[in-house]
Colleague: 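My structure is below; once you've seen it, I'll send some questions.
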Amino acid sequence: MRRISMFGATGSIGESTFDLLMRQGGAAAFHTVALTGGRNVARLAEMARALRAEVAVTAYDDCLPDLRAALAGSGIAATAGPQALLEAADRPADWIMSAIVGAAGLAPGFHALRHGTTLALANKESLVTAGPLLMAEAARHGARILPVDSEHSAIFQALVGEDIAAVERIVLTASGGALRDWPLDRLARATVAEALAHPNWAMGQRITIDSASMFNKALEVIETREYFGVTPDQIEVIIHPESLIHSMVGYRDGAMMAHLGAADMRHAIGYALNWPERADLPVARLDFAALGQLTFRAPDEARYPALRLAREVMATRGLAGAAFNAAKEIALDHFIGGGIGFADMAAVVDATLAALSHRNSLGNAPMGLEDVLAMDHLARQEAGIAARAIGTRRAG
Ligand code: NAD
Ligand code: MG
């Protein structure tokens with residue numbers, strides 16, 4: 001039986017993965033090693049019981065008593081905290097879903113690669129913060145990383161049977177998020193609720209807001225570079241409001257291979273779960289006659305400073321991705337908390353990168369995970385200072 005684990009089981013990607021695992025036979029078809037979550041221990045325990053997991057892990061120590069109580073009599077072990085997450089990652093499994101949100105997902109996935117596992121990677125932050133380290137670690141241990149982000153799954157599928165050297169360009173599609181048609185002056189005053197009204201995809205809160213600001217696409221541009229090894233100038237972004245083309249690969253003979261499908265993450269997750277085979281998946285089928293047309297437009301740089309910042313990060317490389325992601329996470333926290341405005345998020349990231357590039361060598365290649373985590377820590381402090389300064393100016 002295939003041994004599987006899931007990090008971030010209680011999130012949006014986690015729930016979709018759980019749905020597919022249950023449809024494909026649940027505990028009768030998979031041996032579940034570890035499931036991890038955050039504060040929603042009731043749901044975590046329910047999933048662990050359904051899949052008869054060996055261990056359930058909550059990221060938070062104070063949630064452990066509740067998790068233990070919810071698992072009483074099940075024989076499933078309960079543990080808590082960052083160290084317990086790493087221990088769960090050290091339990092051998094054949095397939096691991098990496099679906100924690102944010103830089104917190106990096107270390108568990110990295111640990112899991114040591115065991116030569118197949119890592120289904122939804123946590124794009126891993127590649128943004130530590131792409132070269134992660135890819136090298138996978139190669140060293142004969143582990144495989146399969147992309148789960150819909151764009152990267154699309155590109156991966158458009159590359160099957162092709163030579164990466166024949167690739168001329170990669171075109172990442174972007175929905176444009178909830179605020180894509182707002183006038184610029186109004187955009188700066190968008191609220192959290194407004195940024196959460198995504199037109200096409202149902203996702204976790206953080207990535208939904210990142211879609212509206214295009215910080216999500218900025219992360220994905222970097223993710224593309226790190227995963228597929230193409231150069232930054234080979235990566236383009238196009239706004240495609242229907243979100244039916246999930247991305248495209250252009251070859252040197254001018255051919256474009258596009259991947260289309262319903263906007264349902266169970267496609268990309270199911271592809272990674274069943275790879276290299278294709279299984280029946282419960283996703284809606286496209287009716288082209290009913291659709292009538294697909295539309296595209298160029299992203300406006302003034303509207304999406306995150307895309308420019310991603311280009312700067314790719315030019316610097318080294319630890320710039322770790323700093324960029326951490327600053328973005330802090331800026332997002334401050335926006336959600338009401339301290340800064342929507343447009344201030346990019347200003348916080350910009351200020352953080354500027355401050356760090358004066359004092360630190362952002363371009364230095366990390367020697368190990370510790371260097372990445374140290375930069376993550378530093379950038380969070382710096383971004384906190386920038387966010388509070390912008391928030392104070394705003395209130396004053
Ligand atoms: P989510 O917020 O819905 O779920 C996040 C999961 O991580 C939960 O289980 C939560 O308990 C856990 N978690 C949160 N903080 C943690 C911490 N500090 N330590 C340990 N666990 C923690 O997020 P999501 O939308 O499912 O996204 C998960 C990842 O997948 C992100 O990296 C996101 O960018 C990526 N992704 C998501 C989608 C989507 O459709 N939701 C699509 C593409 C990529
Ligand atoms: Mg995506």
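Both ligands and their constituent atoms are indexed starting at 1 by order of listing. Here the structure is a predicted model, which is why all the values come from computation and not from measurement.
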Colleague: Could you list the atoms of ligand 1 found under 4.0 angstrom from a heavy atom of Ile207?
Modeller: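 Atoms satisfying the 4.0 Å criterion: 25 (O), 33 (C), 34 (O), 36 (N), 37 (C), 38 (C), 42 (C), 43 (C), 44 (C).
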Colleague: What is the nearest protein non-hydrogen atom to atom 14 (C) of ligand 1, stated with its residue, atom name and distance?
Modeller: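 Atom 14 (C) of ligand 1 sits closest to the protein heavy atom Val101 CG1, 3.8 Å.
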Colleague: Heavy-atom contacts under 4.0 Å between Glu125 and ligand 1: side chain, backbone, both, or neither?
Modeller: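 Contact part for Glu125 vs ligand 1: side chain (C-beta onward).
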Colleague: For Arg2 and Asp94, run salt bridge (charged side-chain N to carboxylate O under 4.0 Å, His left out): C-alpha distance rounded to whole Å, both residues' side-chain angles, the deciding distance at 0.1 Å, then the answer.
Modeller: CA-CA 6 Å; Arg2 193 143 63 119; Asp94 306 302; over 6 Å; no
Colleague: Geometry only, no angles: is Gly102 polar-contacting ligand 1 at N/O separations under 3.5 Å?
Modeller: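 In fact, backbone or side chain, Gly102 has no N or O that close.
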Colleague: Please write down residue, atom name and distance for the protein heavy atom closest to atom 29 (C) of ligand 1.
Modeller: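 Nearest protein contact, heavy atoms only, for atom 29 (C) of ligand 1 is Ile100 O, 3.7 Å.
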Colleague: Is any side-chain heavy atom of Arg169 closer than 4.5 Å to a side-chain heavy atom of Ile235?
Modeller: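 They are not in contact (no side-chain heavy atoms under 4.5 Å apart), so the answer is no.
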Colleague: Under 4.0 Å from any heavy atom of Met203, which atoms of ligand 1 are there?
Modeller: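 Near Met203, meaning under 4.0 Å from one of its heavy atoms, ligand 1 has 39 (C), 40 (O), 41 (N).
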Colleague: Does ligand 1 come near enough to Ser12 that some N or O of the ligand is less than 3.5 Å from an N or O of the residue?
Modeller: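 Checking ligand 1 against Ser12, an N or O pair does fall under 3.5 Å apart.
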Colleague: Which of the protein's N, O or S atoms come within less than 2.8 Å of the Mg ion (ligand 2), not counting waters?
Modeller: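 Sorted hits: Asp149 OD1, Glu151 OE1, Glu220 OE2.
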Colleague: Would one find an N or O of Ile13, backbone or side chain, under 3.5 Å from an N or O of ligand 1?
Modeller: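 Yes; at least one N/O pair falls below 3.5 Å.
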Colleague: Looking only at protein heavy atoms, which one is nearest to atom 6 (C) of ligand 1, and what is the separation?
Modeller: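 Residue, atom and distance for the closest contact: Ala99 O, 3.6 Å.
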Colleague: Is the gap between the ring centers of Trp201 and His246 under 6.0 Å?
Modeller: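 So the answer is yes for these two rings.
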Colleague: Testing the 3.5 Å rule here: is there a donor-acceptor pair between the side chains of Glu242 and Thr295?
Modeller: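 Note: Glu242 and Thr295 side chains meet the donor-acceptor criterion.
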Colleague: Using a 4.0 Å heavy-atom cut-off, which part of Ala122 comes near ligand 1: side chain, backbone, both, or neither?
Modeller: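 Ala122 to ligand 1: contacts from backbone and side chain alike.
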Colleague: Nearest protein heavy-atom contact for atom 43 (C) of ligand 1: which residue, which atom, what distance?
Modeller: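 Ranking protein heavy atoms by distance from atom 43 (C) of ligand 1, first comes Asp149 OD1, 3.0 Å.
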Colleague: Any atom of ligand 1 sitting under 4.0 Å from a heavy atom of Met265?
Modeller: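 Under 4.0 Å: yes for Met265.
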Colleague: If the cut-off is 4.0 Å to any non-hydrogen atom of Gly204, which atoms of ligand 1 fall inside it?
Modeller: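 Taking each heavy atom of Gly204 in turn, ligand 1 has 3 (O), 25 (O), 41 (N) under 4.0 Å.
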Colleague: Using distance alone, decide if ligand 1 has a nitrogen or oxygen within less than 3.5 Å of any nitrogen or oxygen in Gly14.
Modeller: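 No, since none of the N or O atoms of Gly14 sits under 3.5 Å from an N or O of ligand 1.
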Colleague: Could you check whether any heavy atom of Gly105 sits closer than 4.0 Å to an atom of ligand 1, since that is the contact criterion I want to use?
Modeller: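 Under 4.0 Å: no for Gly105.
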Colleague: When only distance counts, is Thr10 in polar contact with ligand 1, meaning an N/O pair under 3.5 Å?
Modeller: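 By distance alone, the answer is yes.
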Colleague: Pick one: which of Phe335, Phe215, Tyr304 meets ring pair (Phe, Tyr, Trp, His ring centres under 6.0 Å) with Phe342?
Modeller: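 Passing option: Phe335.
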Colleague: Give the atom numbers and elements of ligand 1 that come within less than 4.0 Å of a heavy atom of Gly38.
Modeller: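 Every atom of ligand 1 under 4.0 Å from some heavy atom of Gly38: 11 (O).
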